[in-house]
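To keep things clear, I will list the structure first and then write my remarks on it.
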There are 2 protein chains.
Amino acid sequence: MKQADESQTLLSNLPEPLRVFSRVRDYARGEMLFRRGDPARWVFFVHSGEVRMLRSGRAGEDILLHRARPGEYFAEAAVDCPEYLCDAIAFQASTLALVPKSELAPLLTRDRGFATQWNSVLMRELRMARARIERLALSSVAERVRHFVLAEERDEAGEVALAGSLKDLARDLGVSHEALYRTLARMEKAGEITRDGNALRLAASRRSKRRPADR
Amino acid sequence: MKQADESQTLLSNLPEPLRVFSRVRDYARGEMLFRRGDPARWVFFVHSGEVRMLRSGRAGEDILLHRARPGEYFAEAAVDCPEYLCDAIAFQASTLALVPKSELAPLLTRDRGFATQWNSVLMRELRMARARIERLALSSVAERVRHFVLAEERDEAGEVALAGSLKDLARDLGVSHEALYRTLARMEKAGEITRDGNALRLAASRRSKRRPADR
DNA sequence: CGTCGCATTGATATCGCTCAAATCCGGTGG
DNA sequence: CCACCGGATTTGAGCGATATCAATGCGACG
């Protein structure tokens, strides 16, 4: 059946040992995957869409902890922790793989190659988190934009295809969307960047040789 | 000899499989452990002291990426990466364990229990990194201070023993030290926090998780 | 169409950065 | 014991970048 075929195709992105236990599920835009305090049963993998991990601050404002995008795992901490520590919402209609924590934990000791693979997955997440810390430590919006482009670019092209809206990017950079709009306009006027649709390119003359990345 | 005994005692903090390969070394305050670009040979474990991972920004300013304190590993990414991607400096006189990367990597596949332990280590680092992201995303200094205390407190006491100077804390929070001094003074005057030497305590009345009509 | 969310721009207020200066405190050498 | 020094702590003043509040246009979608 179509459903079964599709699931198999999607699951093929997972390391082989995980496929057996995982199942695929679609979520609607805005659907909540879990709340803080819910028992942690699954680790998730994003096939398509976008999931956001949020924590509500004391003033009721939402703090964006993490954006999980296609090809990424999230809630890996479920392996260690009995309950989820934040809320997760499908920010767009998303297709996810659910890996039962109860199967993942034993796999680390049972499957030798898998331990290394999973290790790399966590390391990648850690590097990305540290890159974001580095970015948030920069004092001006323009610096954060430059850092973002250099960190996210592929092929040394100094170009990024924005995954979401500029408003999303603004949250990612930890600034108001107005400040981002204005900064981008100013940088564009100064010839430092160019924009085509959702592509953002840093002018070659302004690009440093070193890429920001962690450790 | 005393030296050997001490090394054994210190190494006992490491998972058993790592002890065989690791060695202990003392670093003076200000000593550099490695620079960006150096071949990544070791993963480190902090017995005492404090190590900081820094990256120098384009304006020559130092960006604090990470503070490794006693009981923590750092430069775990060495396992995956051929060279270090930032600088590491012993900020205080420190005693560290050096774990050769060449031994650690095979251990993940060879030793079953160790894979689980190591994954917990990485998971913990990831949680801390995400907590810091959450903190840096807060817009006001006061919010960051509150978040810091709540994140670092032990025993739900709302109290933190500051590891370093307030200037250090300011760097940690991503603000100028002047701004931190002023904010702390204001919060203290408002009765929101109290300070005794290096202890920082959030007033109990302000610590309730759900305050009706907050703000 | 009406509505909703994104993109954009303006006006204004404010918070935090920067430069500066005074004080305190621990360590160090005479 | 004391003078001195460097770094941390504090407070002041002023400026500028960013947040915030508003208004408008625009495109998607039902």
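Computed from a predicted model, the values in this text were never measured in an experiment. Chain A is the first sequence line, chain B the second, and so forth, proteins listed ahead of strands; every chain is numbered from 1.
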Verdict with supporting geometry, B:Leu122 and A:Glu76, side-chain contact (heavy atoms from CB on, under 4.5 Å): CA-CA 10 Å; B:Leu122 293 182; A:Glu76 309 93 336; over 6 Å; no

DNA chain D-proximal residues of residues 177-186 of chain A, any heavy atom under 4.0 Å: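 Correct list: A:Glu178, A:Ala179, A:Arg182.
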
First-last contacting nucleotides on DNA chain D - partner chain A, under 4.0 angstrom, heavy atom: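 The contacted stretch runs from D:dT18 to D:dA22.
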
Non-neighbouring partners of B:Glu178 that pass side-chain contact (heavy atoms from CB on, under 4.5 Å), sequence neighbours left out: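 Scan of B:Glu178 (side-chain contact (heavy atoms from CB on, under 4.5 Å), adjacent residues dropped) gives B:Ser176, B:Arg182.
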
Steps toward side-chain contact (heavy atoms from CB on, under 4.5 Å) verdict (B:Arg36, B:Asp87): CA-CA 5 Å; B:Arg36 178 175 191 170; B:Asp87 304 334; 3.5 Å; yes

Sugar-phosphate, base or nothing in reach of A:Ser176, heavy atoms under 4.0 Å: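 Here A:Ser176 touches the bases of the nucleic acid.
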
Sugar-phosphate, base or nothing in reach of B:Arg144, heavy atoms under 4.0 Å: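 Nothing: the residue B:Arg144, judged by heavy atoms under 4.0 Å, touches no strand.
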
Can you tell me how far the [atom1] atom of [X] sits from the [atom2] atom of [Y], to the nearest 0.5 Å?
X: A:Leu173; Y: A:Arg144; atom1: CG; atom2: CZ; result: 7.5 Å
X: B:Thr183; Y: B:Arg146; atom1: OG1; atom2: CZ; result: 9.5 Å
X: A:Glu188; Y: A:Thr194; atom1: CD; atom2: OG1; result: 7.0 Å
X: B:Arg55; Y: B:Leu65; atom1: CZ; atom2: CG; result: 5.5 Å

Trace of the side-chain contact (heavy atoms from CB on, under 4.5 Å) decision for B:Arg130 with A:Glu125: CA-CA 10 Å; B:Arg130 297 238 170 101; A:Glu125 300 284 337; 3.2 Å; yes

Under 3.5 Å: donor-acceptor pair, side chain of A:Glu72, backbone of A:Arg69: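 Yes: the side chain of A:Glu72 pairs with the backbone of A:Arg69.
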
Check ion pair B:Glu152-B:Arg67 (N to O, under 4.0 angstrom):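 B:Arg67 and B:Glu152: not salt-bridged.
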
Salt bridge flag under 4.0 Å for residues A:Asp172 and A:Arg135: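 Yes, this pair counts.
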
Chi angles and distances behind the side-chain contact (heavy atoms from CB on, under 4.5 Å) call for A:Glu153, A:Leu202: CA-CA 10 Å; A:Glu153 69 175 357; A:Leu202 212 53; over 6 Å; no

Non-neighbouring partners of A:Asp168 that pass side chain to side chain donor-acceptor pair (under 3.5 Å), sequence neighbours left out: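 A:Asp168: side chain to side chain donor-acceptor pair (under 3.5 Å) contacts with A:Arg52, A:Ser165.
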
Interface limits on DNA chain C, where chain A has a heavy atom under 4.0 Å of a nucleotide atom: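 Reading along DNA chain C, I get C:dC6 to C:dA11.
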
Pairwise 5' ranking along DNA chain C for A:Leu166 and A:Ser139, keeping only the more 5' one: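 The residue whose closest nucleotide sits nearer the 5' end is A:Leu166.
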
Bend angle of the helix from C:dC1-D:dG30 to C:dG30-D:dC1, from helix axes over five pairs at each end, nearest 10°: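 Angle reported: 40°, given to the nearest ten degrees.
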
